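Quick caveat, the model's predicted, so the values are computed rather than measured. Because only heavy atoms are used, hydrogens play no part in the values below, and waters and symmetry mates are left out as well, while side chains stay in. The chains referred to below are lettered A, B, ... by the order of the sequence lines, with proteins before strands, and numbering in each begins at 1.
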Amino acid sequence: MLPVRVRFAPSPTGPFHIGGARSALFNWLFARRYGGTFIVRIEDTDLERSSRESEENILAALRWLGLDWDEGVEVGGPCGPYRQTERLDLYQRYTEQLLRQKDAYRCYCTEEELAAEREALLAKGELTTGYLGRCRDLSPEDCARLEAEGRKPAIRFRVPNNDVIVVKDLVRGEVNFECSGIGDFIIVKSDGIPTYNYAVVVDDHTMSISHVIRAEEHLSNTPRQILLFNALGWKPPQFAHVSLILGKDRSKMSKRHGATAIEQYQEKGYLPGALVNFLALLGWSPGGEEEVFSLEQLKQQFSLDRVAKSPAVFDLDKLNWLNGHYIRQAPIEYVTDLAIPFLEKAGYLTTPLTPERYEWLKAVVTLAREYLGCLEDITDHVGIYFNDRVEIQEAEAREVLAESQVPAVLTALRGMVEACPELTGVEAKAMLKKVGKEVGVKGKQIFIPVRAALTGSTHGPDLNQVMAILGRDKVARRLADALANNI
RNA sequence: GGCCCCAUGGUCAAGCGGCCUAAGACACCGCCCUUUCACGGCGGUAACCCGGGUUCGAAUCCCGGUGGGGUCACCA
């Protein structure tokens, strides 16, 4: 078997899409699983829309996800350059070959003419399938005349008439396409830049790509590419077309379905490991009952024959669950560090933090992370620790505070707290117990009002820990406020 | 519309002719744990798109229908 060489070949024309990330992941996993090479190539032949900025975004996102590449932009390699606009002379060489072989020809039709032609056919009720072939058999004299008019030719590939192209796909099996349904397509635009279908073939061959793993939207392009491979006398790589990621309404995932850019998930506080785990399970399954996998585990198990053929709906609920799981499992310092920017942005915090403050923050995050689907949500759960005054969150809290035993409970507790130099969780627990004895009430009658007085809510994390985090002074003051009916 | 792909619970999915009175996960519901909420544990509701074949036997194979999706650019 040939050495495995796979590539991820994004076009840097916008934010890095979740679907692109999954393609990248599958390629990376495949390379790592079989000891192959993972290549990143930039397909920037759309001069209008491509930008260095979005190229850098994509590369940064790849690194953030933990997907490193062996060859490609920035790292170099033996098959470079890895940006298509830097390989123009290469394409030109093969264009000349195709022209010479008469597998390609110059087309002088303008975009306007083609659009008009298409419209005319549509008006007659005939749906078009590709180019009609006006310039297919131009004589050298015709070409000279057209060029004298100032027309710049594009170059089209001459699709043979009655052939059938068979795509042997590793996930879909054999897929047949009639050439009659294809129509001569442009391989070099009139500005001399190759089109996607052409550049991809030259690059995949010259980079010795063994497997092309990409989204299903490219399946119908594949026969064109195979035609090109054949005309150039090259052996096509193996193909594997992975089904698309769909939005809730079952159409291709797009902006209107919510966040589609990797960057957005990063900004909301999703952990790269969780995202990778989630994406891997979208369209691929290891078969067992386990759902949580590290990148390391994934790369040991991944295989194309367990890739599903049917499209998958992006389920945010499941992502949130998985991400929450990662947030709860990860080392507390890691999660704390990731949470800091969100807390800063919410105005709860200013950095740098003193070591004491950082330790305190870790305790806050420890309690808060139990509730999180993503880090962004942490700000909804920490107000009680940062705010100066307590705000009643629910009517029930107010009702609880109005109960008859409450003044005695709060007064007793307040006395104990004020007499205590440093309030720890252990001490808080002991105090609450003692309050019960002194006042002669127990259980809920103590805990719920104390919680309400301290946090404005009747539920929340472990009360002892909450008290320890608030500290002696804040607890004492809040108890006093509650006693004075001041909240 | 032409061409192509796909079809198991609301969602992700296991299943690759008998082990299926169909796994697991998310979501949902109940119970337990707990001072409360969450986490966690236990349990529950819920699916083979339809119609024909093939076969002793079909969720699994074949054909047709229906439904969904993709693609038909001098975008990738």
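For the side-chain hydrogen bond (donor to acceptor under 3.5 Å, both in side chains) criterion with A:His241, the lone passing option out of A:Lys309, A:Arg214, A:Arg172 is A:Arg214.
Electrostatic pairing of A:Arg83 and A:Glu43 does not count as a salt bridge here, judged by no charged N lying under 4.0 Å from a carboxylate O. A salt bridge does not link A:Arg134 to A:Glu113: none of the charged side-chain nitrogens sits closer than 4.0 Å to a carboxylate oxygen.
If you check B:A25, B:A73, B:A38 against the side chain of A:Glu291, the one that comes closest is B:A25.
Remark: B:G64 base-pairs with B:C50. Criterion, Watson-Crick or G-U wobble with two distances under 3.5 Å. Base pairing of B:G43 is made with B:C29, judged by Watson-Crick or G-U wobble geometry with both donor-acceptor distances under 3.5 Å.
Between the side chain of A:Asn221 and the base of B:A76 there is at least one donor-acceptor pair of N/O atoms closer than 3.5 Å. Within 3.5 Å, a donor on the side chain of A:Tyr371 pairs with an acceptor on the base of B:C37, or the reverse. The base of B:C3 does not come close enough to the side chain of A:Ser220 for any donor and acceptor atom to sit less than 3.5 Å apart.
Taking atom C1' on both B:G41 and B:U34, the two are 13 Å apart, rounded to the nearest angstrom.
A:Gly460 comes within 4.0 angstrom of a base, heavy atoms only.
You'll find the ring centres of A:Trp284 and A:Phe26 outside the 6.0 Å limit.
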